[in-house]
Amino acid sequence: MSRTDREERRGERRLPRRQLALRYVLLLAVLALTVGPFLWQLSTSLKGPGEDLYRYPPSLVPHHPTLANYAGVARIVPVWDFALNSLKVATANVLTNCAGAAPAGYALARLRFAGRTAALGVFLMAMLVPVESIMIAQFLTMRDLRLNDTLLGVVLPGCIGAMNVLLMRNAFAGLPYEIEEAAFVDGANAWQRFVRIALPSVRGTLAVVAIFAFMGAWDDFLWPLIVLSDQSKFTLTIGLNFLHGTFADDQRLVAAGTVIAVLPLIVLFACLQRYFFRGVGEGAVKG
């Protein structure tokens, strides 16, 4: 390609200043809508008792930042016990989804067996069923199994998500068949091809499944509220609701509890973001 052609293509890709400015304005607006509430909660949690939270114009930067609000939440409400329960539930949800969705997705994408199309249809229809419509049946099942008011009862209904199975299925379907055919000629069985060849190639999608599973379990409120009654087994979302009801007049403590709940999600995404963005492309639905 000549220099003139490269300059012409560069000129075609260059946007007019008005369109470029409009894109930046839209990006800043989206950033303000998504990150703004968290920054406001973080600012409120760091403000001391002498600062007015309702002043106008509002101040985002605390004049006298303090961590006393976090200590107050931990002293009055067993927030760390709630966080530990949520961590147990979220970790179990990640392990079960990764361990279950990956083999199921590989079977739907690579293996030939009777009823494969019907099985794929079942997973697709499962995504169309509202969770709220089956919660009564789930609760009755947990009660019959004597798993109500246990953390295992919180984990079990969401241990393998239909969306995660389909994500893994699409990721495995995008792998070239030639690699597995070579392994098959060398005598590798289906399990060996899955563990040694296919699974390492879709680590990005596996990270996406892990993030979605962790976020879904960590943020879930309705199902733990239904199945749990012992306060010592409450997850963090239920504990924060109790915190808000108890300290509704002190928004600093409420904001501190909110930040405590959000920080693990930020840390998880920061650790797996490199695999997350690669996994979105691996698990994309092909037209």
Side-chain angles (χ1 to χ4, degrees), residues 34-47 53 65-98 131-132 135 138-139 142 147-161 163-164 207-273 276:
T34 54
V35 183
F38 172 74
L39 293 179
W40 180 256
Q41 288 291 86
L42 179 62
S43 172
T44 303
S45 68
L46 296 175
K47 291 181 179 179
L53 301 180
T66 177
L67 296 176
N69 297 321
Y70 295 91
V73 172
R75 182 176 62 253
I76 300 173
V77 178
V79 64
W80 303 120
D81 294 336
F82 297 155
L84 181 60
N85 292 335
S86 290
L87 183 62
K88 292 177 181 178
V89 172
T91 303
N93 203 39
V94 169
L95 294 177
T96 53
N97 271 278
C98 290
V131 178
E132 293 79 7
M135 277 193 172
Q138 288 180 346
F139 175 76
M142 294 301 108
L147 294 177
N148 58 312
D149 202 20
T150 64
L151 295 181
L152 181 59
V154 178
V155 174
L156 198 57
C159 59
I160 301 178
M163 172 64 77
N164 297 329
V208 173
V209 170
I211 292 175
F212 284 170
F214 190 93
M215 291 178 60
W218 186 270
D219 292 336
D220 192 14
F221 173 76
L222 185 57
W223 175 243
L225 182 64
I226 292 174
V227 77
L228 296 177
S229 57
D230 187 359
Q231 182 178 338
S232 63
K233 298 176 183 177
F234 280 178
T235 57
L236 189 58
T237 51
I238 305 177
L240 286 179
N241 185 62
F242 170 78
L243 175 71
H244 190 279
T246 305
F247 303 105
D249 57 336
D250 193 346
Q251 294 299 321
R252 297 173 182 84
L253 295 180
V254 176
T258 304
V259 173
I260 291 174
V262 173
L263 279 179
L265 300 178
I266 297 176
V267 172
L268 177 69
F269 185 79
C271 295
L272 298 179
Q273 62 174 334
F276 177 83

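In this chain, numbering begins with 1 at the start of the sequence shown.
- For the side chain to side chain donor-acceptor pair (under 3.5 Å) test, residues two or more places apart in sequence or in another chain that qualify with Ser232 are Asp230.
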When the side chains of residues 69-77 are checked against the rest of the protein, which donor-acceptor pairs come out under 3.5 Å, sequence neighbours left out?
unit_1, atom_1, unit_2, atom_2, d
Asn69, ND2, Ser45, O, 2.6
Asn69, ND2, Lys47, O, 3.0
Tyr70, OH, Ser45, OG, 2.6

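- For the residue pair Leu228 and Lys233, the shortest heavy atom distance occurs at CD1-O, 3.2 Å.
- To the nearest 0.5 Å, the span separating CG on Leu151 from CG on Leu156 amounts to 12.5 Å.
- For the pair Thr44 (side chain) and Trp40 (backbone), a donor-acceptor distance under 3.5 Å is present.
- For residues 207-229, every residue pair satisfying the side chain to side chain donor-acceptor pair (under 3.5 Å) rule, not counting sequence neighbours, is listed here: Asp149-Ser229.
- Taking CD1 of Ile260 as the reference point, atom CZ of Phe82 lies at 12.0 Å (rounded to 0.5 Å).
- Considering only residues two or more places apart in sequence or on other chains, Thr237 meets the side chain to side chain donor-acceptor pair (under 3.5 Å) condition with Thr235.
- Applying the side chain to side chain contact (heavy atoms under 4.5 Å, CB included) rule to Val94 yields the partners Cys98, Ala210, Ala213, Phe214; only residues at least two apart in sequence or on another chain are considered.
- When the shell of 6.0 Å around CH2 of Trp80 is examined, it contains 12 or fewer heavy atoms from other residues, nucleotides or ligands.
- Side chains of Ile160 and Asn164 form no contact here, defined as non-hydrogen atoms less than 4.5 Å apart.
- Remark: Met135 CE to Leu222 CG distance equals 4.0 Å, nearest 0.5 Å.
- With rounding to the nearest 0.5 angstrom, the OG1 atom of Thr66 is 8.0 Å from the CG atom of Leu46.
- A 6.0 Å sphere centred on CE of Met163 holds no more than 12 heavy atoms belonging to other residues, nucleotides or ligands.
- Atoms CG and CE, from Asn148 and Met142 in turn, are 9.5 Å apart once rounded to the nearest 0.5 Å.
- Sorted pairs that involve residues 82-91 and meet side chain to side chain donor-acceptor pair (under 3.5 Å), not counting sequence neighbours, are lacking altogether.
- To the nearest 0.5 Å, the span separating CG on Leu268 from CG on Leu263 amounts to 12.5 Å.
- Applying the side chain to side chain contact (heavy atoms under 4.5 Å, CB included) rule to Val267 yields the partners Cys271; only residues at least two apart in sequence or on another chain are considered.
- Between Ala255 and Gln41, the shortest heavy-atom contact is CB-O, 3.4 Å.
- A donor-acceptor pair under 3.5 Å is formed between the side chain of Asn97 and the backbone N or O of Gly158.
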